[in-house]
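Before any comments, here is the structure.
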Amino acid sequence: MAKKIFIGVAWPYVSGDIHIGHLAGYLLPADIFARFHRYIGNDVLMVSGSDCFGTPITVEADKQNTTPEEIVKKYHPKNVELFKKLGISFDLYTKTDTENHKKVVQDFFIKALEREYIFKKKTDQYYSGSEKRFLPDRYVVGTCPRCGYEDARGDQCDNCGSVLHPGELKDAKGNLTGKPVTLKQTEHYFFNWPQLQKFLEKYISKQKKWRPWVMNETKGWLEKGLNARAITRDLDWGVEIPTDRIPEGMRIEGAENKRIYVWFEAVIGYLSASIEWSGKNNKDWKDFWYNEKVEHAYFMGKDNLVFHTLFWPGELHAYDEKIHLPDSLIINQFLNLEGNKFSRSRGITIDSNYIVDAYGLDPVRFYLTLINPENADANFSWADFVGKTNDLLISNLGNFINRTLTLAKGLKFDKGKPDSKLEQEVSEIIAMSKKHLESAEFRKYVESILSLSQLGNKYLSEKEPWFLKEKNAIKFKEIMSNSIFMVLGLLLLVKPLMPESAEKIEKMIGVEIGSWPKKETDYLIKLISEVRVGEVKHLFNKLEDEVIEKERSKIKK
RNA sequence: CCCGGGGUAGAGCAGCCUGGUAGCUCGCAAGGCUCAUAACCUUGAGGUCGUUGGUUCAAAUCCAACCCCCGGAACCA
């Protein structure tokens, strides 16, 4: 019955700053989803890795006066360590500069070429004589030929919105050096997107699990029509073009100075990482890629949308028509910080390492999931973080568990049924949470957890068991048994979201829930009699108001 | 310019597809309770649903125009 679930998580740039926007945007949602599926007994493969190629890496290397290789060496282990600390449960977190990845990309390239989805073409590109290299269009500025705007970019004028072609810009110069650039002919491989238009339209029409705005955006792209795009660039850092495997007539000049470009190559990491994982774990990656019963879910931010809704399915189809295509594309909007965009250079950022060290992993996981930017941009503010942590996580959830365990300390519970109305309500909340987890609606999932602890708090206030402890021990035990039932429900629900806290609860009550049971409430009811409350500790610590000012002052304006 | 998203009480959001004079959480105020991390429970105040028009007996919800914010195959989740 176990289903195979492949989870592809967007690949962060190796030198990038993994801030809480990344966490909220795709890392945490993916992890919760993965934990949930393992929990209910599915066979999960979750992969990602550091994106080692692309301009930002070479720029960073130049800045630090070193090589891209050194940058990868320096930052990749940091990412690995960070994800371990954040509890992001990758089955494999690799990187794109491995031999394996290069080989898979080259195989992929050759196959798409053989299947005639790739053609070659000569174009004019901006060339910087002073730097002796071709510049991406966006690295070129000049005067717009239409409106005269002086800061127009190589491919587009931000002032009048005109799309510009190479050569149209007047007084074109490099935006980093300010030196003039000229046009120079260069030959590249292009991916033939128009050829895939029909296929992709059909593919899109079959998707049912995408968020509405994701579908709309994708349809918008298709309606405009896809254009062929170059998949190689004049670079020296990236996956080499496998010229010796290319038929004579399809070779291009100067291929040794060109590389397969990141947007085509990075997504292939999902496949190459699966292959690497299978080699290391003695498993067959094909079970996850050539299998009717497998489900593929991808997690990323909205900037990555078309690469995954159109380009990756298109590439896969060009590679092999039998390979499994993405099913769920769980794409988030952006997280802002105190109303501003995250920006490392402007100092508007919160380092993931720091916030977890300072405030604990689970409170961060909790809050970022609560405000997950699922359908619209969300905002992280320290005031809200402190408020929600204190008022929801601690006062509502933590407090219910704490007051129940404090009252129930030392009690031995008999086998028996809880209050049937309560059982019904708990059962409904559990079913609701499960549904939200399955459909990747994580905000609603957190809300349903809170509705259970709120139910518990209400129950205790109504029943006032503290009066009965002496007067009516039987009634007292009955009420506490019901409360423990709700604590067990919370334990069940909280696991994918806050694994550390779940473990703490298990320690305190002496009971573990290894896997998500088929009949949840029946199982929980059976567990009640096994509960022995030991030492009770607070799960989370309250945050002082001073935190708000202290942290806000660190964010530069 | 174009494509997509958003604009609903002090804050964060749901409702909009399938019209019927607004809902959730937090905050705030009052009361209750004391097992609990000044927590918990109850009640209440607070909104011309971005603007302007249109359709309709009736619009946050449908239509049109406009304004503001975010993203869009450089970098960036």
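What's counted below: heavy atoms across the whole structure, side chains too, no hydrogens, waters or symmetry copies. Naming convention: chains lettered A, B, ... in sequence-line order (proteins, then strands); numbering from 1 in each chain.
- Among pairs with a residue in residues 458-470 of chain A, those fulfilling side chain to side chain donor-acceptor pair (under 3.5 Å) read A/Y459-A/N482, at least two apart in sequence or across chains.
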For RNA chain B, what dot-bracket results from Watson-Crick or G-U pairs at under 3.5 Å, with [ ] for crossers and | for inter-strand partners? .(((((((.[[[[.).......]]]].(((((.......))))).....(((((.......))))))))))).....
I'd like a table of atom pairs between the protein and nucleotides 59-65 of chain B - only N or O on both sides, under 3.5 Å - with the distance next to each one.
none

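- Remark: A/Y354 engages no residue in a ring-ring contact (aromatic ring centres under 6.0 Å, His included) (not counting sequence neighbours).
- Residues in residues 372-394 of chain A take part in these ring pair (Phe, Tyr, Trp, His ring centres under 6.0 Å) pairs, two or more places apart or across chains: A/Y359-A/W382, A/Y359-A/F385, A/Y367-A/F380, A/Y367-A/F385, A/F380-A/W382, A/F380-A/F385, A/W382-A/F385.
- A search for ring-ring contact (aromatic ring centres under 6.0 Å, His included) contacts involving A/F299 returns A/F33, not counting sequence neighbours.
- Residues meeting the ring-ring contact (aromatic ring centres under 6.0 Å, His included) test with A/F485, sequence neighbours left out: none.
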Sugar-phosphate atoms are those with a prime plus P, OP1 and OP2; base atoms are the rest. Using that split, label each nucleotide of nucleotides 24-34 of chain B B, S or - for protein heavy atoms under 4.0 Å, 5' to 3'. -SSS-----SS
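- A search for ring-ring contact (aromatic ring centres under 6.0 Å, His included) contacts involving A/F342 returns A/H19, not counting sequence neighbours.
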Taking only N/O atoms, report every protein-nucleotides 3-6 of chain B pair under 3.5 Å with atom names and distance.
residue : atom : partner : partner atom : Å
B/G4    : O4'  : A/E217  : OE1          : 3.0
B/G4    : O2'  : A/E217  : OE1          : 3.4
B/G5    : OP1  : A/N216  : ND2          : 2.8
B/G5    : O2'  : A/Q333  : NE2          : 3.3
B/G5    : O2'  : A/N375  : O            : 3.3

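- Along RNA chain B, the nucleotide nearest to A/E447 and the one nearest to A/N402 differ in position, and the one closer to the 5' end is contacted by A/E447.
- Applying the side chain to side chain donor-acceptor pair (under 3.5 Å) test to every pair with at least one member in residues 259-268 of chain A, sequence neighbours left out, gives these pairs: A/H101-A/E265.
- Between A/L226 and A/S453, the residue anchored closer to the 5' end of RNA chain B is A/S453, taking for each the nucleotide with the nearest heavy atom.
- Shown for residues 23-32 of chain A: residues whose heavy atoms fall under 4.0 angstrom of RNA chain B, namely A/Y26.
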